[in-house]
Every structure is written in structure tokens, then in C-alpha cells.
Amino acid sequence: MSTRNESAVAAPAQMADAELSREVELFLYHDALLLDEWRLREWFALFTPDCEYLIPTTDRPDGDPEHDLFFVRDDWFLLSQRVDALVDGTAWTESPHSITKHMVNNVMAWLDPDGSVAIRANFVVYRSALSTVDVYPGSYRMRLLRGGPAGFEIQSRRCTLALAQLRPHGRVSVIL
Amino acid sequence: MPYVIDDRETPRFRVARSTMVDAAILEEERRNIFDKSWLFVGHESEIDNPHDFRTRNVGGRPIIFTRNADREVRVFVNSCPHRGMQIETRGEGHGRFLKCFYHGWSFNTSGDLVAIPGEDSYGENFDRHNLCLVRPAKVESYRGFVFLSWTNDIADLQTYLAGATDILDLFADQSELGMQIIGGSHLYSVQANWKLLSENSADGYHALTTHHRYLVMLKESGKDLSKVFAAGPAPFMGYDLGNGHAVIGGADGTGGGNSGLGRDLSGDGLLQQMKRRDRFAELYGADWANRMFSGRNLVIFPNLAVIDLIMGITLRTYYPVAPGYMEVSAWSLQPKDDDPELRRMRQENFLTFWGPAGLATPDDVEALQRCQRGFAAHDVAPWNDISRGMASERKIFTDELQMRVFWREWDRRMTGTEHAPETPQLGKRGRVGWPGQLSSTP
Ligand code: FES
Ligand SMILES: [Fe+2]
């Protein structure tokens, strides 16, 4: 697990950095494109080796993964396993792959003194399979590092659902 | 047409798929099963302090689960005695008073009506005591697990739980300070009939196929899976616990030394774990400690599953909103006194498998939903087959004894048909004398 827990990042007092926010926005569009095209290995390559991928429960959106129940608490290894199964078709719940659309907006970014980038953004993920459409609204908190072919790497990705319950969705089987 | 065909000759056990789709059957289930069973409310640790409360649905009715000033556990119908408003809609909270905002009536956590705006308009004979919060017919708890019954006409909780009490002991014994449900809930749903989750929660047969990706993850993490699936001296078996309750579980003989379905513990965590095991062996005997530190899937009739994968215990209850749709609520049960390293591993193992975004549960959800879709053809393809292991003497965990135990009780409640038990039922025995104890295994 990464030592830096995004839940501990306080809401920044200053306005977001306009130029940086625009840059990050394009990065998130790229991220969303890879997810929607199911190019998950390319997507996974955006992560640092000490990364974390977190989804708190609907009733503990500000939960601490050390003490509270979560939906997802992946480190690099677990995320790689999640991606592998989604790609090779053994994640039955996504076999065949559902149709998804990741919408990203309200992107704000701040440069931290250590050179890392803190971001906040909103998302809505649509997932359609068989006769159902599930909608997952929520917000991203991420910690990005400069580097990699895409310009940034993801060290921490916390996806907080703006849902009171996971009903009638029943699951989060795609990556948010 | 019968719902259950329990043919001991062939042998063959079949269940009518109509029971999964028929709305009239669901109405009968509400009357004959949910209104006549002990239903799980919550765990005492969820309301540690006086005036803590949780709200949830139990048996289709909204309830408030709280603790009064005298620390007594109280369960109330979450509906105002005045004109019915649901008083509390937050999932959890804390407060000395439960206040109905509609007309401002207030209740204390013992359920007494303590304040009414404009009480003088009710006349001299008005008695507040007639307007307390309504309680379920019965509320009892066993080792921290709180249940309610909507009818008075029922045996006491321990009698109802029968042999399941021993299995609950195997969970409750895991901490000398007590077990606790940690913060956060998995509130999800499955678009399938509720009985499919009673079946699935103790289905050892589907693990290798449905949970292929989870097992691949374990292998990639460096775990020796042959150790997990090795038939030890007392391998995982299925047991009928009476009254429709069943368990699959065992004593693997290693006492939890990284033998369970979780990623291996690190050196430090493993050391801690072994220390705990030895302490419990001292307290309860080596056999019991061995059994405690092995895994088990317990299903308490009709709708509670308590499952220990070793390092990750889930408590899960579910209720049908419609024949093809259930709401599921699940929590994580942990020892209060885990050190941080063990707790971290426990959290991680829990989430890796359990929950609507784990590496396992979503595939269960998918499987159940696809079964339900298949049942649309129940008129031309009317039967489920649940015969596995019926022909053998020893019922291992990949057999389907535990599902037949559920369905025989279900059929008894619904049609009055008495089915003789297929294996001896294990009543409460305490911490001794379990079949397959290391000391009694040939
Ligand atoms: S309905 Fe609660 S005070 Fe009137
Ligand atoms: Fe499963």
C-alpha cells in the first residue's frame, strides 16, 4: 500500500491551478478513453508500483482503509490481477465486456511542494449490459506524479461514489 | 406440482424453479417463513454506547436498533405511533431522543413517548404509555448476534439456532475482548431470488469455476494452493445443524497457518496469528482452536450467512423485495484486539474476496442473476437439481447437503411436508465432540 492516503488530503484552500488543471483534464480524458475501449493493460501502465486504487463504501465515503470497510482497496498486485481477469474474460461478470462510458468533468489540480499533483474531479460512469444500464456518479481524488509517456503517473486513485447504496447496481464490476 | 422432490431411492433431489419467480409464493414465504423465524438484526458492537442507533430493514419492516440509557439492546419499529412516519432515516447515528419531525413527538431510546407538542389538547384520560414505539414480538441475542421474531409463537433463540450456536461460538470465541463489526457496510442488491443466496453462501462446488480469477490471484501471490485444497485429517465437510441451518467447515490440522483462502500472512502477522491460536488452544483445547482457525460457511435459516475465509469474516443478510430482486447487506466482523499488521491483512483479504467490487462476489452476483434469467423458462425447464453427494455417506463441502437442508426446511414451512434428515443433525454440543476433531479422527 502507498504510504500516502488520499483521504488524508484536506480540501485545498487555494483555487486550482488553471494551466495544470487543463493538462490533467486531458490526461483524465486519455484515462477514460483507455477504460472505455477496454485497453486495460495500457491503462494499468499509468500506475506507479506503489499505487493504490480505492473505492470507499457508500455509507463511509470518507472512510479510512486501515479501519473501515471499503469496496476496493487494491495495491499494484491486486489491481494487476483485477485487470488481468477483466482482460482475459475470467471476470465472469464482465464477460462479455459491458459497454461503458466514463464522463469526466469539474477537474481541478494543484501542484504540491514535493512536485506531485493533487487532483479532484467528478465522474459519471455508464455501464450497459444485457437489458440494464447502471449509472455510477462520483468523484475522483488522485495523486499524480510527473512522468511516463502520458505525462503523468497515478500513485493514488480514490473513487468515491455519489450513491447512497449500491442498489440496484449490485456491484462495481468495471473500473471507475 | 410439488415444490421439492426428495427421492431417496435413486437418489435425486429436485426443486421447482417456479419457487424463484412466482409472486404468490413470495407472499407465502413472507407469512410462513420470514414472519415465523428468528431474523438477524445486527451485532451488539454496532451500538456500543447507550443511544447509538442503526436503522435497517428486517423481514421487510423498517426497524431502529439501539441501546437505551441502561445499556439494554432495544429494537423498535421505525414508524411513529402517531401517524406512521418513518422516524429515523439515517443509517446510523447517536442521540438520546428519537424525534419525529412531522408533528414533533419525541421518544427516548427505551421507546417511551417523552414529549408531545400541545399535549393538553388530548384530554385528561390521555396516556402516553399507549403510544410508545412498537417493538417486535421478541428480541434475543446469542453471543452478540441480535435477532428478532415478528411472532410470539416461536421457540427461544437458542433452541431455534440448534447446532448453529456452536458455529456462532467459533466466530465469537475469536477474541477475548469481543468481536466487532467495523465501520462501513456493503449495501447492494442481486437481481435474483433470495433463496439463491442461501444456496450460494455455502456452495463449495462453485469455487473452482466461478472464482477462478480469485484462485489465480492467490496462486500469483505465491500461495501454495495444494495446501488449501489438500484433504487434511479432517477436511471440509457439510453438516446439518437442525431447523434448516447448515455449515460447511472443518479443522484443517494446521490451525490456520496460512491454509485459508486468503493471501499468506507475512512473517509478523503469521506469528501473531499463531500466538492467538496457541492462546485459544490453551483456553478451549487444541481441537476447538484448530476448528476456529479453519474456515467455515454457515447459513442460518432463512437469510443469514456468516462466513470465515480465515482472515475475513463476513456477515450477510438479505431480503426479497420481489421474486427476482433481493437487497443484501453485509458487514465485516473482526476481533477487537487485532494488532495493526493482522488487521491490515484481514481487511485486505476480506475485500479481495468479499463485497460487490471484490474479486469474487461480483461473479456470484452475475451467476445468480443469470440463473434468474434462466428461470424465465421455468414452465418448459421446471427443475433445479441439487442431488450432489446424496448418494455418499460422507458429505464433503463440495456436495450439496447444505442446500438440501435449507430446502427441506423451506418445504416443511411452505407445504407442511416433513422430510427425514439425510444425515444425523448436530445439535448444540459445546466445544467438544465435534465429528472430525483431530483427536477423534482415525
Ligand atoms: S407522525 Fe410522528 S409526530 Fe405525527
Ligand atoms: Fe461464491
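As a basis for the values below, the full set of heavy atoms in this structure was taken, side chains included, without hydrogen atoms, waters or symmetry mates. Convention: sequence-line order gives letters A, B, ...; per-chain numbering from 1.
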Heavy-atom proximity to chain A below 4.5 Å, by part of Thr209(B): backbone
query: So, the side chain of His186(B) versus the backbone of Leu166(A): is there a donor-acceptor pair under 3.5 Å, distance only?
result: no
- prompt: Does the side chain of Arg213(B) come within less than 4.5 Å of Trp92(A)'s, by heavy atoms?
  reply: no
Which portion of Ala330(B) sits near chain A, non-hydrogen atoms under 4.5 angstrom: backbone
message: Keeping Asp59(A) on the side-chain end and Gly184(B) on the backbone end, is there a donor-acceptor pair under 3.5 Å?
response: no
field: Sidechain-backbone polar pair: Gln165(A) side chain, Tyr188(B) backbone, donor-acceptor under 3.5 Å
entry: no
- prompt: Hey, mind stepping through Arg263(B) and Phe77(A) against side-chain contact (heavy atoms from CB on, under 4.5 Å) and telling me if it holds?
  reply: CA-CA 12 Å; Arg263(B) 279 205 276 177; Phe77(A) 169 73; 3.3 Å; yes
Residue Ser221(B) versus chain A: region with a heavy atom under 4.5 Å: both
Lys/Arg-Asp/Glu bridge criterion (N-O < 4.0 Å) met for Arg60(A), Glu92(B): yes
task: Enter the distance from Leu359(B):CG to Asp74(A):CG here, rounded to the nearest 0.5 Å.
output: 6.5 Å
- request: Examine whether an atom of Tyr214(B) lies under 4.5 Å from a heavy atom of chain A, and if so say whether it belongs to the side chain, the backbone or both; otherwise answer neither.
  value: neither
message: At a 4.5 Å cut-off on heavy atoms, which part of Thr352(B) comes close to chain A: side chain, backbone, both, or neither?
response: side chain
message: Strictly below 4.0 Å, N to O, side chains only: are Asp68(A) and Arg343(B) in salt-bridge contact?
response: no
- request: Identify which part of Ser95(A) has an atom lying under 4.5 Å from any heavy atom of chain B, answering side chain, backbone, both or neither.
  value: backbone
- request: Using atom types as modelled and distance alone, determine if a side-chain donor or acceptor of Arg167(A) lies under 3.5 Å from a backbone N or O of Val328(B).
  value: yes
- prompt: Any side-chain heavy-atom pair from His169(A) and Ser189(B) closer than 4.5 angstrom?
  reply: no
message: With side-chain contact (heavy atoms from CB on, under 4.5 Å) as the criterion, how do Gln347(B) and Glu66(A) come out once you've worked through the C-alpha distance, each side chain's angles and the decisive distance to 0.1 Å?
response: CA-CA 7 Å; Gln347(B) 298 274 76; Glu66(A) 292 301 313; 5.8 Å; no
query: With chain B, which of Pro56(A), Gly170(A), Pro61(A), Ser80(A) has the greatest number of heavy-atom pairs at distances under 4.5 Å?
result: Gly170(A)
